[in-house]
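Taking it in order: structure first as structure tokens, then the write-up.
These numbers were taken from a predicted model, which means no experiment stands behind them.
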Amino acid sequence: MKIKAKIGPTHDTAFFDDLQAVFDRHPDVAKNYSVRHIGRVVDFMKVDFGRQVAMSNVQDGEIVTKFVDRIPDPIPDMPTDLGCCAWKLTAHEWRCVEYCIMAPPE
């Protein structure tokens with residue numbers, strides 16, 4: 001028996017149709033982005049993105065993600081892009097929810 005997920009383009013069709021239109025209008029930028037469902041992580045791990053942020057890095061060929069308390073926003077004189085790789089729209093403001101820290105090749 002095949003169970004159909006209640007997430008993604010086959011379930012949230014209007015949302016994904018709108019995203020497709022945006023991706024179609026901006027193909028050069030869109031090739032660098034994807035869409036990820038975070039509901040299961042939030043529910044299973046009890047993540048609160050208002051209080052926490054994900055920190056992902058590569059270790060031995062695997063992506064390891066830890067959720068840590070976020071530092072207060074904004075920090076004076078700090079660059080706005082410190083490796084943020086995932087954003088969540090909250091109250092009409094995009095907020096970083098994951099930092100991807102890539103180690104330089106050895």
Side-chain angles (χ1 to χ4, degrees):
M1 173 190 212
K2 198 172 191 180
I3 298 174
K4 195 172 188 180
K6 293 186 178 181
I7 60 172
T10 58
H11 185 265
D12 299 314
T13 54
F15 177 74
F16 278 87
D17 287 348
D18 288 349
L19 284 176
Q20 180 66 51
V22 171
F23 275 53
D24 289 346
R25 282 195 312 272
H26 306 280
D28 290 341
V29 176
K31 67 183 177 187
N32 296 312
Y33 289 91
S34 65
V35 177
R36 176 173 39 181
H37 180 266
I38 61 171
R40 291 181 180 162
V41 171
V42 169
D43 293 343
F44 181 76
M45 297 191 66
K46 307 290 187 242
V47 174
D48 175 1
F49 281 119
R51 186 180 63 77
Q52 295 171 292
V53 65
M55 300 293 285
S56 297
N57 61 25
V58 177
Q59 295 178 4
D60 298 324
E62 297 180 346
I63 297 173
V64 177
T65 301
K66 296 180 182 181
F67 295 93
V68 299
D69 288 341
R70 78 170 47 249
I71 53 178
D73 291 333
I75 296 176
D77 301 324
M78 185 173 275
T80 56
D81 182 7
L82 295 172
C84 186
C85 60
W87 298 263
K88 185 175 187 309
L89 183 62
T90 306
H92 301 286
E93 180 182 341
W94 289 102
R95 188 164 193 194
C96 186
V97 293
E98 181 177 1
Y99 292 94
C100 295
I101 312 303
M102 301 299 155
E106 295 181 18

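- Residue-environment remark: CD (Gln59) exceeds the threshold of 12 foreign heavy atoms within 6.0 Å.
- Hydrophobic cluster membership for Val64: none, as no Ile, Leu, Val, Met, Phe, Trp or Tyr side chain comes under 4.5 Å of it.
- Between His37 atom NE2 and His11 atom NE2 the span is 10.0 Å, to the nearest 0.5 Å.
- Remark: Ile63 CD1 is loosely packed, at most 12 non-hydrogen atoms of other residues, nucleotides or ligands lying under 6.0 Å away.
- Here the CD1 atom belonging to Ile7 is positioned 12.0 Å from the CZ atom belonging to Phe15, to the nearest 0.5 angstrom.
- Minimum heavy-atom separation, Arg95 to Arg70: NH2-CD, 2.9 Å.
- By the neighbour-count criterion of 12 heavy atoms within 6.0 Å, atom CG of Asn32 is densely surrounded, having more than that number from other residues, nucleotides or ligands.
- Of the two cysteines examined, Cys84 and Cys100, the SG atoms fail the criterion of being under 2.5 Å apart.
- Nearest heavy atoms, Ala30 versus Phe23: CB-CD2, 3.4 Å.
- When the side-chain hydrogen bond (donor to acceptor under 3.5 Å, both in side chains) test is applied to Arg25, no partner is found at least two apart in sequence or on another chain.
- Pairing each heavy atom of Asp43 with each of Lys46, the nearest pair is O-NZ, 3.1 Å.
- Formation of a donor-acceptor pair under 3.5 Å by the Gln20 side chain with backbone atoms of Phe16 is not found in this model.
- With a 4.5 Å cut-off between side-chain heavy atoms of Ile, Leu, Val, Met, Phe, Trp and Tyr, the cluster of Val41 takes in Ile38, Val42, Phe44, Met45, Val47, Phe49, Phe67, Val97.
- Ser56 contributes atom OG, which lies 12.0 Å from atom OH of Tyr99 (distance to the nearest 0.5 angstrom).
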